[in-house]
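Worksheet for the structure shown next.
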Amino acid sequence: MRFFFITGVLFTFLLNCGSRFEKISPFSIPPQEFNLGNGVKAVLLPTELSFITSKGRILEFSFQNPFLSSAKGEQIVNYRKATFKIKDKILLECGSQTIESLGLGSGELLVKGKLTGKNCETEYTIRFVSSSNSGLDWKVEITNPELNRTYIKFKSDESESIYGLGEQFSHLNLKGKKPFLFSEEQGVGRGDQPITWGAELLEGAGGNEYSTYTPIPFFLTSRNRAFFFENSSYSVFDFEEDSEISIEFRERGLNVKSWKAASPKEILKLYTSHTGKFPNLPDWAYGTWFGIQGGKSIVLEKIEEAKLAGNPISALWIQDWVGQRKTVFGSQLWWKWFPDEDRYPDFKNFVKELNQKNIHVLGYINPMLATEGPLFEEAVKNHYLVKDKEGKDYIVQTAGFPAGLLDLTNPRTQTWIKNIIKQNLIGNGLSGWMADFGEWLPTDAVLFSKESAEIYHNRYPVEWAKLNREAIQEAGKEGQIVFFTRAGYSYSNKYSTSFWAGDQMVSWGRHDGIVSSLIGILSGGMSGLSLNHSDIGGYTTIPSPIKDYFRSKELFLRWAELNVFTPIFRTHEGNRPAKNHQPYSDSYTIKEFARYGQMHLALKEYFKFLNKEASELGLPLLRPLYLSYPEDGNTRDLQNQFLLGEDLLVIPVLEKGEDTVKGYLPKGEWEHVWTGKTFQGGVWIETPAPLGSPAIFLKKKGAWYEKLKSALSGFKKN
């Protein structure tokens, strides 16, 4: 279960915030070229050092100002219910740079020099190696072990658009922005008012435009170049200046892989070849995933009601398989990770009977244990939990109850929780589950591995996904079971079987609502998260004396309409089910939601084709138009419409009360599905989109045109 009060927020306050780059000493080596192999060369000029691959220019450092600096810092962290308030106090700063030598050695270009400042000095080495005809690997080594901050910058230009950095829920094109990367709960409101103000005032949990569950230190640009940092500390990516990109990691040194290609699609193929790709979903996964709770009799009644209306339900998602409790936040779960036989008597047989009806049952788990029950006692006894500085179990306060956090750096902990997954989830017949959380590791925790929790924090959700995947593999169920995660970092695409966009408000909010869910999926897709979806209708439901945030009928149906075109079509009742409009709330909704489910299932073969493409090439199923039409300047900032594959374009209604949409059609011929009208691309259009008839267009000369037209034609409203 997920909570308002645990929503993580991180504000960065830089103390001693003078320039990180003070000055560079004159450097006098004659202009020359260095051959790094694979067609990659370095070109040294009096004013810059640049790198050129066979695909073109990839990287330039200016010698007019320092491009590298380092410092010693100390993070001051206030942690409360997974809300992180972090100040960075700089104690020593080496902001002045000298270059003492530059030349080839053992197949790599070495740049060596010193960084100095008041009471601060260190030597450094930057190593550049050609990894392929399109790749350049580089590593920054800082000699002084006392320093734990690294800053670097390189050239950019005003016209360079920037995409990626994981799931960014407010902005697709990050040029002119300054995101920080730290895995946390996204925050409530994230800038939408008045809810952000209220959440911040009451719990410090309002979030902001850069807070995200899944930051990934990878970005690609409109110059068809990309950079992936193999670092895991808190970081800041500063794209505010037109002429430069400046990057900060709160650790010593950097390890970077960079690529240059002919197109953004080629970039994603190269990146995911290195970091991993999502698997194919099992065949059953393309039906409706019905998310309901309440016990055996209630869920069976709701399933039957939906199926009688024609809803192609293929999965029942019952997160309350472990039991349910009520807190101030609403409906929450018992984090004990075995079946609640009172709510679901003879649970294993209950699952078996549904499987026999071709309905797969999905559950829920996270890497925490509530402080009661036999599994918690076993975890305490065997030292499976994260410790505090006094060596005691680090008990964190959630909304309504305390819990311990599993120490995933302990191999015995991993074996133990994997066995629980294999016995209590897979062993009871579950076909999947929500693998929730992963963002909660306190930065002052003491880990079994002795690693710094500040450095390990971002890796924790990746390890959580890896552990879930291994449990499935060890049970011999690879390809049959799906778990979906919301938190992640680098290499999440290697281990997770699917993602969902987390806890959006049940609202039309720009920064936290239906709009942000789409932006998060699109930006995540540009970061390797190719298989993604969101809770239909949103999740976070909040009563407020200023404004209630309850899910309306219109919002639910519009969100369902949008999610027809995402690979997983799944509902969530939210944290206050009784306050939200549900797929079973009235006869019209039941009927219309069944129609949406049928429409989603009608796209099954297309989804399977795109999923296979994602598993082989790393391309996302939902694509911003820029990815497919990078040469068209009109596509660079489009974040409220998308392509599903190459042949289906969707302009969703994302505003309350609207029944028309405005959008852009790229080059080619596009046929409006419901009217059959053909548009020549390269134009902005306004088109009707009444509820139930979303604005969708088919690429007339696309490979899937005929099949998609046939699949969707039967859903035209009279």
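Here the shortest heavy-atom pairing between Pro367 and Asp436 reads CD-O, 3.3 Å. Among all heavy-atom pairs drawn from Pro179 and Phe239, the shortest one is CD-CD1, 4.2 Å.
The neighbour count for Lys269 NZ, taken as heavy atoms of other residues, nucleotides or ligands under 6.0 Å away, is above 12.
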Glu646/Arg623 under salt bridge (charged side-chain N to carboxylate O under 4.0 Å, His left out): CA gap, chis, key distance, verdict: CA-CA 8 Å; Glu646 293 299 301; Arg623 302 170 186 176; 2.7 Å; yes
Stepwise ring pair (Phe, Tyr, Trp, His ring centres under 6.0 Å) test for Phe228 and Tyr491: CA-CA 11 Å; Phe228 175 51; Tyr491 298 99; 5.8 Å; yes
Test salt bridge (charged side-chain N to carboxylate O under 4.0 Å, His left out) applied to Arg20 and Glu93, step by step: CA-CA 8 Å; Arg20 296 288 179 242; Glu93 192 162 19; 2.8 Å; yes
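Using a 30° and 60° split on the angle between ring planes, Phe154 and Phe219 fall in the parallel class, below 30°.
Aromatic rings from Phe237 and Phe229 are positioned such that their centres are separated by under 6.0 Å.
Listed by chain and residue number, Trp684 satisfy the ring pair (Phe, Tyr, Trp, His ring centres under 6.0 Å) test with Tyr664 (two or more places apart in sequence, or in another chain). Tyr495 is linked by a ring pair (Phe, Tyr, Trp, His ring centres under 6.0 Å) to nothing, counting only residues two or more places apart in sequence or in another chain. Every residue two or more places apart in sequence or in another chain that forms a side-chain contact (heavy atoms from CB on, under 4.5 Å) with Val111 is listed here: Leu49, Ile99, Leu102, Tyr124, Ile126, Phe128.
Residue pairs that meet the salt bridge (Lys or Arg N to Asp or Glu O under 4.0 Å) test with at least one member in residues 125-143, sequence neighbours left out, are Glu108-Arg127, Arg127-Glu141, Asp137-Lys257. The side chain to side chain donor-acceptor pair (under 3.5 Å) pairs that include a residue from residues 35-44 are Asn38-Ser130, where partners are two or more places apart or lie in different chains.
A distance-only check finds a donor-acceptor pair linking the side chain of Arg190 to the backbone of Asn208 [under 3.5 Å]. Although no hydrogens or angles enter the test, the distance criterion places no donor-acceptor pair under 3.5 Å between the side chain of Ser134 and the main chain of Ala261.
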Identify every side-chain donor-acceptor pair in residues 54-61 under 3.5 Å, counting partners at least two apart or on other chains, and give the distances.
residue, atom, partner, partner atom, Å
Ser54, OG, Asn133, O, 2.8
Arg57, NH1, Glu48, OE2, 3.3
Arg57, NH1, Ser50, OG, 3.1
Glu60, OE1, Arg223, NH2, 3.4
Glu60, OE2, Arg223, NH2, 2.7

